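Read through the structure below, which is laid out as structure tokens, and then see the notes.
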Amino acid sequence: MEYYNTQANDTKLEIFKKMCHIRAFEKQVKKSYDTHDIKCPVYLSIGQEATSATISTIFKPDLIFTQHRGHAYYLSFGGNKDKIIDELLGRDSGCNKGKGGSPGIQDLNIGMIGHHGLIGENVPLAVGATLGDSTKKTLCVFGDGAAEEDYVFTAMAFAQTHKLPILFICEDNDLSILTKKQVRRNWELTDALKAIGMPTANIPDDPELITPYIKEFINKLPAFINCKTCRHLWHVGTGQDGTPQTDRLEEYKQKLLEIGYELEQLQEIEKQKLTEAEVLWRKHLQRQ
Ligand SMILES: Cc1ncc(C[n+]2csc(CCOP(=O)(O)OP(=O)(O)O)c2C)c(N)n1
Ligand SMILES: [Mg+2]
């Protein structure tokens, strides 16, 4: 199947802008963590920006359940930026009154419900919430480590039996903390779900590949997409082991250049997003 050029040009640029916005924001989180202005553990999405940036341009869910690595979803779906910054800085004005920190971020105005610590628990919660009102569409995001929790498959199977309108996404960075998938298991969740009739895809997190699946699947929910991605920093905190294998943002930029976008235009977007994030973070840090 040929997926090249699956998006209108304005959508491609919107996705690129969102990816740059997330990268710029996360770089500021890293900076404030490294200077100890942020004191809570942080779970960064640097390298994993493409999935949320792409989904949010196409799918408008009523409810969003993410795991501990949720900053990119919060930002992509329009969560309040002041409140996430204050949350990370441990302030009363944060989205969880400064008590939850990075893994629990949420904004009920966009239907996003925060994570409380057990990996994959957001899957049965998403299923239960959608069962309660199946006129609502739900997005549920978890990691490849969480996919191994028994309650994840059983909850997804329940959603399949009851045809609940949930788009399940696994951000598969091939890591559960530091352990690679091939050491942990010899099966793919897509195969298990295919066996019970759920529409599935197992693809790299390239926006051009994700787009057609989202467009097709949102009319056939529940459905599941395993997006293979690359985390650039440590599981928690801001350290880096070696060189990341891929940088999807850089690859997407190259793709946009190949189809005729000007380098200056793309660099201007990157610069603008970096400046916006820097100004916003400075404003919050100066209030201390
Ligand atoms: C039920 C449960 N078991 C173990 C943990 C400890 N733990 C926290 S994050 C994590 C790895 C999660 O990996 P993954 O779901 O792939 O998400 P990623 O960090 O890669 O985004 C583990 C094992 C936990 N929080 N909950
Ligand atoms: Mg993982």
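Values in this document were obtained by computation on a predicted structure and should not be read as measured data. Ligands are counted one by one from 1 in listed order, and the atoms in each one are counted from 1 as well.
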ask   = Counting heavy atoms not belonging to Lys253, are there more than 12 under 6.0 Å from its NZ?
value =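 Correct, the count exceeds 12.
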ask   = How about Glu262: does its CD atom have over 12 heavy atoms from other parts shown lying under 6.0 Å from it?
value =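 No, not enclosed.
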request  = May I ask whether Gln67 places a heavy atom under 4.0 Å from ligand 1?
outcome  =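 Yes, Gln67 has heavy atoms under 4.0 Å from ligand 1.
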Check ion pair [X]-[Y] (N to O, under 4.0 angstrom):
X: Glu278; Y: Arg282; value: yes
X: Asp144; Y: Lys181; value: no
X: Asp82; Y: Arg287; value: no

Per-atom contacts of ligand 1 with [X], taking only distances under 4.0 Å to non-hydrogen atoms:
X: Asn173; answer: 18 (P), 20 (O), 21 (O)
X: Tyr151; answer: 1 (C)
X: Arg69; answer: 18 (P), 19 (O), 21 (O)

request  = Could you verify whether a donor N or O on one side chain and an acceptor N or O on the other, from Ser56 and Lys18, lie under 3.5 Å apart?
outcome  = yes
query = Which residue holds the protein heavy atom closest to atom 6 (C) of ligand 1, what is that atom called, and what is the gap in Å?
reply =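 Here the nearest protein heavy atom works out to Ile177 CD1, 4.7 Å.
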inquiry  = If you scan the protein for heavy atoms around atom 1 (C) of ligand 1, do you find one that is closer than 4.0 Å?
reply    = yes
request  = Pick one of side chain, backbone, both or neither for how His235 approaches ligand 1, counting any non-hydrogen atom pair under 4.0 Å.
outcome  = side chain
Per-residue contact class, Glu121 against ligand 1 - non-hydrogen pairs under 4.0 Å =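 None of Glu121 does.
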key: Ala146, any N or O under 3.5 Å of ligand 1 N or O   =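 Ala146 vs ligand 1: N/O contact under 3.5 Å present.
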query = Does an N or O from Gly117, backbone or side chain, lie closer than 3.5 Å to an N or O of ligand 1?
reply = yes
